[in-house]
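What follows is a short report on a single structure.
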Amino acid sequence: MIKKKGTVYRLETPATTLVLKADTAQILYYGKKLVSADWCEALRSSPCRLFSEYGQGDFNEQSVLLVNADGGFSTNFVYSKSKILAEKPVLENLPSSYGESKTLELKYVDATKVALYLYYTVFEDTDAIAVSAKIVNGAKKEIHIKKLASVQAELTGRFEFITFNGAWARERRKNARAVCGGTFVNESRAGASSHAHNPFVMAKGEKGVFGFHLLYSGNHKESMTEYDGVTRVIAGINDFMFDWTLGAGEEFCAPEAAMCYAETEDALSRQMHAFAAEHVVRGKWKKRERPVLVNSWEGAYFDFNADSVVEMAKVSKDLGAELFVLDDGWFGRRNDDTSSLGDWSDNVEKLGCTLAELAERVRGCGLKFGIWIEPEMISEESELFRSRPAYAMRVPGRTPVRLRNQLALNMADEKVQNFVVRTVSDVISRCGASYVKWDYNRMLTDCFGKGVAAGEYFHRYMLGVYKVISKVVKRFPFVLFEGCAGGGARFDLGMMSYFPQIWTSDNTDARDRLQIQDGSSYGYPQSVMGAHVSASPNHQSGDSHPLETRFNVACGGLLGYELDVRKLSEKDKKTVAAQISFYKEHRKLLQFGNFYRLGDSFGGDYGGFISVSPDRGAAIAVIAAEKRTNVPPPRVAFKGLNPAYVYEVTARRQENYENNLSFTAGGDVLMCGELFFPDFYDDASARENSGCMYTRMFLIKKQKNL
Ligand code: GLA
């Protein structure tokens, strides 16, 4: 809801209030919901502003920076008008949120007739507010945009800048540092949102936690500047190399960002989850239970043919899986990662039949068929490279940097975009895929496109990618797309606007995964996180974990298996079948329940999660702890339950059901932090394995009111 009093607007979400003064571009208040009516007068002196520019005595990091037609680079955006829009403005070619909402549009104009528009969209059912910015060049000559952030929020007080950083196989580790007396930056220059610096950040202060989340998959930058007791948060496209020429009459839209406030990190996460699940993920798979899949990658890598795939599919079906995904290696002459990207024709020599025939055989086993593809890439060893070398992203006269032996395609080029739409569509149609894993396995280095200005390259690349993806997704509305980028290098709300789920990380080690999923859960719901049980010892870490542990951790996301199911022992097959059947029975709760992190997965006494049904009548929790000599098991607190309910709790053991511990307790007891399971480390299977992480899953069901 948006209320207006003169030029003051009050934006109300279920739990927060944002008060803006349009004419002075001030943020009068942002935080916990205000209920009193006479809010406006008391807040007038706020030092916080909605945007910042160069040339008016502000020397900190700015949100808008232009080079005017006359070569000067000062601006003075003065209030022009404001209005409430019933329809959310469309961001051409960019990902954006959607849904029942009201939008506040603010317009500021510089003497050069260049206009700055700011948009604030409020949804009835979520606390996240969508924010975007636009420049319209009303001048008679071209100007240059050196920077246009999606959002600026100035907050009074000092804050911790919390970011999610990492690398391949260890994405999104939470880091916090105090912001004091300067500018602190979280950014990607990799061409993708990156493994290293996720575009979700938080500002944590005395009054609570503010989240800023960009719906963008390319180079991004989030900065926090503390100056005179005010902390300025800016998020948007990275201004690294950015220089956008805007002709007379043209406009430029910055990508959308979501911002929200909550008293605790946990509450902020659930707001972000609700926003992603309700207003970002769209199409047939929105809030729809996701299939349990078996993926061929870690089970077979490049070593398979149609018969072995069908054998794996048959076993997968017996285990209860619903979808079989054929990963890398089915096309061109692809038998390792040195060739064939771009040649999306069937590798008949290897398969022994066409892809369509193989897909039909898999479907004949009673499973859906899914396929892997990496459409934005090209191998130099490929027909495509031989026939269309100009499609590759390269700087003329320079030896290109190869990452994973491959080059990227120049997605800023329309011909390349059309090629990708055509080839991907053809693959999907020809094998009748129900699921597509869309991979992207290198960051960008040799950024260059004929006719594309250097300062526009990164963004034009992304616009090209979005154009292609949105076309393909529209063409195949029933296909389930899973994004992927060498694991989780494009794990962002931009991609989630098109792909309802994303492969979280190439690291499937249960201990590492617990942390990666925990870090990811700050900004993203479990319903977007691909999470697979793989072989033990794990292929990335070399560590071993019991099958039960691997399953328990994968239940924190969208369950799949990524191992050679044929090689499972009969005992393990039984266990996997029981796991899948349990997961199917409870997947609505696991995939779409209210998610809370438990303990501290980064080195606390214990870590884990709990997913609670909206009515708080049911929950599933997973606790993980590292055994240390002569250290007792942890004292555990569940979260999110109703203190006024009595619950029946079953501490599940998968291999020895007789030992399942069952008890009843009030919700308040379960959350008080004194739960103690003396037999927690009494798990022969965990002891036999080299990893010392023990896990236990708890099924929690309401029995009665207190
Ligand atoms: C990337 C993905 C993996 C797998 C391989 C195939 O690394 O993240 O899941 O698909 O590519 O080459």
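Atoms within a ligand are numbered from 1 in the order they appear, just like the ligands themselves.
- Near ligand 1, residues Trp297, Asp327, Asp328, Trp372, Arg404, Lys437, Asp439, Asn441, Cys484, Gly486, Gly487, Trp503, Asp506 come within 4.0 angstrom through at least one heavy atom.
- Legend: residues meeting side-chain hydrogen bond (donor to acceptor under 3.5 Å, both in side chains) with Tyr524, ordered by chain and number and at least two apart, are Asn198, His213.
- In this structure, Phe458 has no ring-ring contact (aromatic ring centres under 6.0 Å, His included) partners at least two apart in sequence or on a different chain.
- In terms of heavy-atom proximity, Pro500 sits nearest to Val281 at CB-CG1, 3.8 Å.
- In this structure, Tyr301 has its ring center under 6.0 Å from that of His539.
- Partners of Tyr457 according to the ring-ring contact (aromatic ring centres under 6.0 Å, His included) rule, which considers only residues two or more places apart in sequence or in another chain, do not exist here.
- Considering OH of Tyr561 and CG of Leu547, their distance stands at 6.5 Å, rounded to 0.5 Å.
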